[in-house]
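These notes concern the structure reproduced below.
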Amino acid sequence: MVLASPALTGCHASAPYEESRLLMDTVVRIEAYGPRAREAVEAAFAEFTRLDQLWNPYDEESELARINRAAGRGPVAASPDTLRVLETSLEVAARTGGAFDPTIGPLVRLWGFGEQAAPQPPAPAAIARERALVDYRLVRLDAGSGTVELPRAGMALDLGAIAKGYAVDRARAIMQQYGVSRALITAGGCVYGLGDAPGNRPWRVAVQHPRDSRAILGVIPVRDLAVDTSGDYQRFFEADGTRYHHVIDPRTGYPARACQSATVLHPSAQWADALATACMVLGPERALALVETVPGAALLLVDERGQLHRTPDLPWEEASHGR
Ligand code: ADP
Ligand code: MG
């Protein structure tokens, strides 16, 4: 669905081409500059659409659904994009000690965010049962034969915490193929600033206040960099005074508790995306320690009390009313 009609403001080489569509369960917006901007944006949306179809866990026909149905029944063929995104996923999972885990599928399904009218947390016994099926170390990925195997029946992949980042990386590569040297690509909480913004200044990415949707915490200037924010305020329900949100701690089977939001900067959008989710799970101390070991990464984190934490090299302009 086209949300905003394309704004083609003339044929001058520096005029922007901008378009937004609903994809991957969020709003994807691309603003690009240059003579071939329109072609580039259309090609990037085609790629987003293709990846969305490939990895939509709710579409029985998607490749991800097919792989999940084969759990416990041996290796199945996977497309090159799926093999690549899984390779990165398993790498991030290993680096984060499983805080990010692409086999989180059974728990995501059990919690069912957004599906129930009056959501309640699942029964503890059900959480324990599904949690036992979550373990990235069991995934058998064979790039040589192009197959993936989920060895236990009931295991399920969920790429919700990395798919948008992967797609943004693909969109960025497509921009460059079309000679677009300036673009802003936004997919929900994942943003990539390619080159400079108009006026030869960095792109400016605002970070939302996790408890006040009309306020921002500050601004991150970016150039050739991805910024991804994961938070407890987009998809959640409240029951008996507790907020249950969609980032799950694979160890407990319950939504992560230690953070309100985590924003990660990284040259690769898929790494930024997956790391931001992991940081939500890890909490401030372990998240800061982790991000400092990842070359090119920086972190801004809001802990459960609303306190800000950041790595020393984070480019950051704090809003005057920011907390
Ligand atoms: P958003 O989708 O808002 O950008 P995230 O990138 O943090 O937020 O992704 C959250 C989604 O990732 C969840 O909806 C679920 O599909 C999946 N997920 C939840 N917890 C984890 C986890 N610990 N590791 C990997 N994926 C997760
Ligand atoms: Mg993420």
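Numbering of ligands and ligand atoms starts at 1, following listing order. What's counted below: heavy atoms across the whole structure, side chains too, no hydrogens, waters or symmetry copies.
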Verdict with supporting geometry, Trp55 and Tyr166, ring pair (Phe, Tyr, Trp, His ring centres under 6.0 Å): CA-CA 11 Å; Trp55 298 332; Tyr166 185 95; 5.2 Å; yes
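- For atom 3 (O) of ligand 1, the candidate residues are Arg251, His246, Gln234; the nearest heavy-atom contact is made by His246.
- A perpendicular orientation is assigned to the rings of Tyr254 and Trp111, their planes being inclined by more than 60° (bins at 30° and 60°).
- Within the set Asp273, Ile248, Asp232, Asp158, the minimum heavy-atom distance to atom 22 (C) of ligand 1 is found for Ile248.
- The option with the heavy atom closest to atom 7 (O) of ligand 1, from among Ser230, Pro102, Gly188, is Ser230.
- Considering Ile67, Thr147, Leu141 in turn, Thr147 is the only one that fulfils the side chain to side chain contact (heavy atoms under 4.5 Å, CB included) rule with Pro75.
- Under 2.8 Å from the Mg ion (ligand 2) lies no N/O/S atom of Ser230, from backbone or side chain alike.
- Residue Asp228: no N/O/S atom is found under 2.8 Å from the Mg ion (ligand 2).
- Residue contacts with ligand 1: Lys164 is placed with a nitrogen or oxygen under 3.5 Å of a nitrogen or oxygen of the ligand (distance criterion only).
- For the pair Pro250 and ligand 1, the shortest N or O to N or O distance does not fall below 3.5 Å.
- Of all the listed residues (Gly160, Gly189, Cys279, Ser89), Gly160 holds the heavy atom that lies closest to atom 11 (C) of ligand 1.
- Around the Mg ion (ligand 2), the angle linking Thr277 (OG1) with Asp273 (OD1) is 170°, rounded to 10 degrees.
- Annotation for ligand 1: atoms under 4.0 Å from non-hydrogen atoms of Val247 are 7 (O), 19 (C), 20 (N).
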